[in-house]
Amino acid sequence: MIKDTLKQKLASHLDHMECLPEKGFVLENPKNPLLGDYALTIAFDLAKQKRQNPLSIAKEIVLELSKRIPKEEMLFTDLNGYINIQFTDNEIWKMVSSNENRLDLFPKSSEKILIEFVSANPTGPLHIGHGRWAVLGDIMCRLKRAVGVTVSSEFYINDTGNQVKQFRNSVSAAKDKKPIPKEGYHGQYVLELAQESGDPVERMISQQKETLEKLNVTFDNWFSELSLHNGQVEAAISELKKEYTYEKEGALWFSSSQFGDDKDRVLIKATGDKTYFASDVAYHREKLSRGFTTLVNVFGADHHGYVARMKAATQAISKVEGILFNVETHFKIIIGQLVSLFREGKPIRMSKRTGEMITLREVIDEIGVDATRFFMVFKSADTHLDFDLEVAKKQSSDNPVYYIQYAHARICSVFRNLQVTPPFVHPENADLNSDERQMLLVALKLNDALYEAALHYQPHRFAAYTYQLAKQFHLFYQKCPIKSASEEDQKKRLFIVYFVQRCLKRSLDILGISAPEQM
RNA sequence: GCGCCUGUAGCUCAGUUGGAUAGAGCAACGGAUUUCUAAUCCGUAGGUCGUAAGUUCAAGUCUUACCAGGCGUACCA
C-alpha cells in the first residue's frame, strides 16, 4: 500500500520534528494532479497549536522534510499552506517492483468474519433487490479475502414457518385446480410449480441457488432454519429466560428494549407457536458458537426494522453465555437500499400478489452477468437504485462495464499484435513522461483502494477505482503508442501495460467480472 | 407520530475521518485515426450541493430546525 507506507514514513519524521498534529493527519489527493501525488494539510492544524501563520509553517515543514527525506525519493513543495508531495520516477519504479507480491502488504488480521446475505424466503423467485444484495455481499467477501481476512459466506434458508406453509398450500391448491387462498401466493410461478412433482420449497431453494450461481455468487454454507427446530430454538429461548424475558398476555417476551430496541419482542406467541424472531435468535446464537469474531448481515432496506432487535438479541445471548462480543463494534449490519426497475424511463411495477414481476434470472438473461454485477455494485449500498434495463442493455457498446473489459482486451490485443508474450523485463530507472507516470501511479493505488473498500465494507468504491484504472489506461493508450515507439520506449511501455493488465485482471476478479482477452 | 436511508449538472450517480477552482457517465454540441481494436481520446456547454440558521481558518461533508421522496414501524416472515 503506497499511501499507507508513505503515511507511516511521514508520521515518524513529523513526530521527530514535533510537527505531528494531535488529531493525527490525513494524506489528501490534490485536486490537480500537477500539484503533487499526495498532499498534507497539517499546517492548518498546527497554526492554531503553534499560533503561527499556516503559510510559514508549511514552508518550514517543507524545508525540514526535504532535508530528512532524500530528493531521490520524493519532492516537497508548499502552496497556500498545503504541502504537496511528489514521488520521483525512480521511486515509482521501486514501488512497482515491490508491489509484485500481495497478501503480506496488508496488516495481519485475526478476524474471522461470517457474512450472511440474501437469505430470501424460498417461496418465490429472487428479484433484482436480492440480486443487488447478493452482489454486494459476494464482493465484500472477495474484498476481505483479498486483504487476507478469513471470511465465510452464508445463506439462511427460512424453510419453515407460516410463509412456507402458505406457499405449500398455494401450490397444492393449484395442483387440485382449486382457487388459491387469499393470503397465499398468486404468481405465475405457483401454477408452473403445480405442474411439477416434489416439494415446492425444495424446488424453490434449488432454483434460487441456480440463479445465484449464474450470477457468480456462491455460498460457503446454506443454513437451514428447520435444522434449528430440534432443540436449538428452545435452548436459545431458555438462555434468554435466565435474565431477559417475561410473560405478558399469555406470550413470552424478550426485553429487547434493555438493549436499545424501541420495544420488547415476542418469542412465544399466546398460541404457543414460536415466532420467526425466536429462530433468528437461535441462529445468531449458533453463529456465535462457531467462534466468529465479527458478524456481518446484509439486509434489504425492507427489513431494516429488524436491526435493533437482532442486535439486542445477539448482545443478550453473548452476555448470558459469557461470550466476549461487542455488538456495537463487531456486529455490522449493512442495509442495502431497494432497486426500482425501469424500462426506457418507465417504472416497472413489481407485485408479488398479482405475480406481475421481473425476476433476477430474467434480468441476468437479458443484460448478462457482468453488466448485472457491475450495475449492482457501482452505486453505494445506501442509495436507492434506479435501474433501467434498456440503458444497461442498449448501451452495451459504451457501458462502463464493457469500457473496463475493453481496457483489458486492448492490452491483450497489443501483445498479440506485436507477437510478444509476457512476462516482460522490469526497466531500470527509465524516465517517465507525465502519461506514463500517471498510469503507473493509478495502477499502484490498487492496494490502497482495495484495503479501504474492504475495511469500510464499501464495494462500490472499489468498482469506482477499477473504472478509474481503465480510464487512465485508455488515455495512456491514446497518448503513448507502443508499436511505433523507439526500442527503449517500447520496452518500457510494454512493461507498464503488462503491469496494468495484471491490475485490471485482479480488480475484475475481485468484482467477479470476467476479463476477456478479446472483444 | 416515531425510526432508518436519500435529496449534488437535463438524467443516473461519485465525492475518502471537514481542505485548494464541487467531479464522472449518459444525453447535447464541436473536434481527433497514413499509428497497436474509434467498444477509444480531446474540447464546449450544463451547479443557489433540498431550504434556513449554526460550529470552523476552512462545510457537499459536522450540529439543529424545516421541506420532499423511499422504506420500516405485528403475538407476519
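Just so it is clear: chains get the letters A, B, ... in the order the sequence lines come, proteins before strands, and each one is counted from 1.
- In a base pair of the Watson-Crick type (N1 to N3 plus N6-O4 or O6-N4) or a G-U wobble (N1-O2 and O6-N3), with each distance short of 3.5 Å, B:G47 is matched with no nucleotide.
- Judged by the 6.0 Å and 45° rule, A:Lys3 forms no cation-pi pair with A:Tyr451.
- A sub-4.0 Å separation between OP1 or OP2 of B:C41 and a side-chain N or O of A:Tyr403 is present.
- A:Asn53 comes within 4.0 angstrom of no nucleic acid atom, judged by non-hydrogen atoms across all strands.
- B:U73 is paired with B:G1 under the Watson-Crick or G-U wobble criterion, all donor-acceptor distances under 3.5 Å.
- Cation-pi geometry between A:Lys491 and A:Phe424 is not satisfied (NZ or CZ under 6.0 Å from the ring centre, within 45° of the ring normal).
- On the P atoms, B:G69 is 28 Å away from B:U16, given to the nearest whole Å.
- In this structure, A:Ile404 and A:Tyr467 have side chains that are in contact, with non-hydrogen atoms separated by less than 4.5 Å.
- Side-chain N/O atoms of A:Lys379 include none lying less than 4.0 angstrom from OP1 or OP2 on B:C13.
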Expected string for nucleotides 69-75 of chain B under the B/S/- scheme (protein heavy atoms, under 4.0 Å, primed atoms plus P, OP1, OP2 as sugar-phosphate) is BBBS-SB

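- Nearest nucleotide to the A:Leu79 side chain, out of B:U40, B:A20, B:C36: B:A20.
- Remark: A:Lys445 is positioned above the aromatic ring of A:Tyr38, its terminal NZ or CZ atom under 6.0 angstrom from the ring centre and at most 45 degrees off the axis.
- Nearer the 5' end of RNA chain B, as judged by each residue's closest nucleotide, is the contact made by A:Glu28, out of A:Ser413 and A:Glu28.
- Residue A:Asp45 has its side chain nearest to B:G19 when only B:C36, B:A20, B:G19 are considered.
- One can place CD of A:Glu452 at 16 Å from C1' of B:A14, the figure rounded to the nearest angstrom.
- The minimum heavy-atom distance between A:Asp388 and A:Glu390, with the atom names listed, is OD1-N, 2.9 Å.
- Base engagement by A:Ala39 is indicated by at least one non-hydrogen atom pair under 4.0 Å involving a base atom.
- The CD1 atom of A:Ile334 sits 15 Å away from the C1' atom of B:C4 (whole-angstrom rounding).
- Taking the side chain as every heavy atom from C-beta outward, A:Ile85 and A:Leu27 approach each other to under 4.5 Å.
- B:U40 is paired with B:A32 under the Watson-Crick or G-U wobble criterion, all donor-acceptor distances under 3.5 Å.
- Within 4.0 Å (heavy atoms only), A:Leu252 reaches no atom of the nucleic acid at all.
- Between the C1' atoms of B:U48 and B:U8, the separation comes to 12 Å (whole Å).
- Across all strands, A:Lys471 comes closer than 4.0 Å only to sugar-phosphate atoms, never to a base (heavy-atom distances).
- Annotation: cation-pi geometry not satisfied between A:Arg285 and A:Tyr283 (NZ/CZ under 6.0 angstrom from ring centroid, within 45° of ring axis).
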Shorter than 3.5 Å, N or O on both sides, protein versus nucleotides 43-47 of chain B: list them out with atom names.
none

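- Between the CD1 atom of A:Ile57 and the P atom of B:G19 there is a distance of 20 Å, rounded to whole Å.
- Distance check on atom P: B:G47 versus B:G23 gives 14 Å, rounded to whole Å.
- When both pairing distances are held under 3.5 Å, B:G60 makes no Watson-Crick or G-U pair with any nucleotide shown.
- Taking atom OH of A:Tyr402 as the reference point, atom C1' of B:U40 lies 17 Å away to the nearest angstrom.
- Spacing between atom CG of A:Leu469 and atom C1' of B:A24 amounts to 16 Å, rounded to whole angstrom units.
- At least one side-chain heavy atom of A:Cys503 sits under 4.5 Å from a side-chain heavy atom of A:Leu469.
- Comparing the C1' positions of B:U51 and B:C11 gives an interatomic distance of 23 Å, to the nearest angstrom.
- If you check every strand for non-hydrogen atoms under 4.0 Å, A:Ser380 touches sugar and phosphate atoms only.
- A salt bridge links A:Glu234 to A:Lys274: one of the charged nitrogens lies within less than 4.0 Å of a carboxylate oxygen.
- Using a 4.0 Å heavy-atom cutoff across all strands shown, A:Phe378 reaches no nucleic acid atom at all.
- In this structure, the side chains of A:Gln315 and A:Phe259 come closer than 4.5 Å at one or more pairs of heavy atoms.
- Between the side chain of A:Asn29 and the base of B:A20, no donor-acceptor pair of N or O atoms lies under 3.5 Å.
- B:G18 sits 41 Å from B:A32 when the C1' atoms are compared, rounded to a whole Å.
- Here the side chain of A:His474 is nearest to one of B:C36, B:U40, B:C57, namely B:U40.
- Of the listed nucleotides (B:C41, B:C36, B:C57), B:C57 has the atom at the smallest distance from the side chain of A:Lys48.
- Here the separation of B:C62 from B:G15, taken at their P atoms, is 12 Å to the nearest Å.
- In this structure, A:Asn162 places its CG atom 6 Å from P of B:A77, rounding to the nearest Å.
- Residues A:Tyr82 and A:Phe44 place their aromatic rings such that the two centres sit under 6.0 Å apart.
- Comparing the same atom, C1', in B:G31 and in B:G70 gives a spacing of 43 Å after rounding to whole Å.
- Using a 4.5 Å heavy-atom cutoff, the side chains of A:Val296 and A:Tyr457 are in contact.
- Within the nucleic acid shown, A:Gln518 comes within 4.0 Å of at least one base atom, counting heavy atoms only.
- Taking atom CD1 on A:Ile42 and atom P on B:C57, their separation rounds to 19 Å, with Å as the unit.
- With a cut-off of 3.5 Å on both pairing distances, B:A14 has no Watson-Crick or G-U wobble partner at all.
- A:Arg461 and A:His456 are not linked by any side-chain donor-acceptor pair at a separation below 3.5 angstrom, with hydrogens and angles left out of the test.
- Taking the ring axis of A:Tyr498 as reference, the NZ or CZ atom of A:Arg502 stays within 45° of it and closer than 6.0 Å to the ring centre.
- Using Watson-Crick or G-U wobble geometry with both donor-acceptor distances under 3.5 Å, B:A20 finds no partner in any strand shown.
- Under the Watson-Crick or G-U wobble criterion, with both distances below 3.5 Å, B:A27 is left unpaired in every strand shown.
- Comparing the same atom, C1', in B:G50 and in B:G25 gives a spacing of 23 Å after rounding to whole Å.
- Per the geometry, CZ belonging to A:Phe374 stands 12 Å off C1' belonging to B:C13, to the nearest Å.
- A:Asp382 comes within 4.0 angstrom of the backbone, heavy atoms only, and of no base.
- Backbone-only engagement by A:Leu475 is indicated by non-hydrogen atom pairs under 4.0 Å involving sugar-phosphate atoms exclusively.
- Backbone-only engagement by A:Thr383 is indicated by non-hydrogen atom pairs under 4.0 Å involving sugar-phosphate atoms exclusively.
- When heavy atoms are screened at a 4.0 angstrom cut-off, A:Cys412 is found touching no nucleic acid atom at all.
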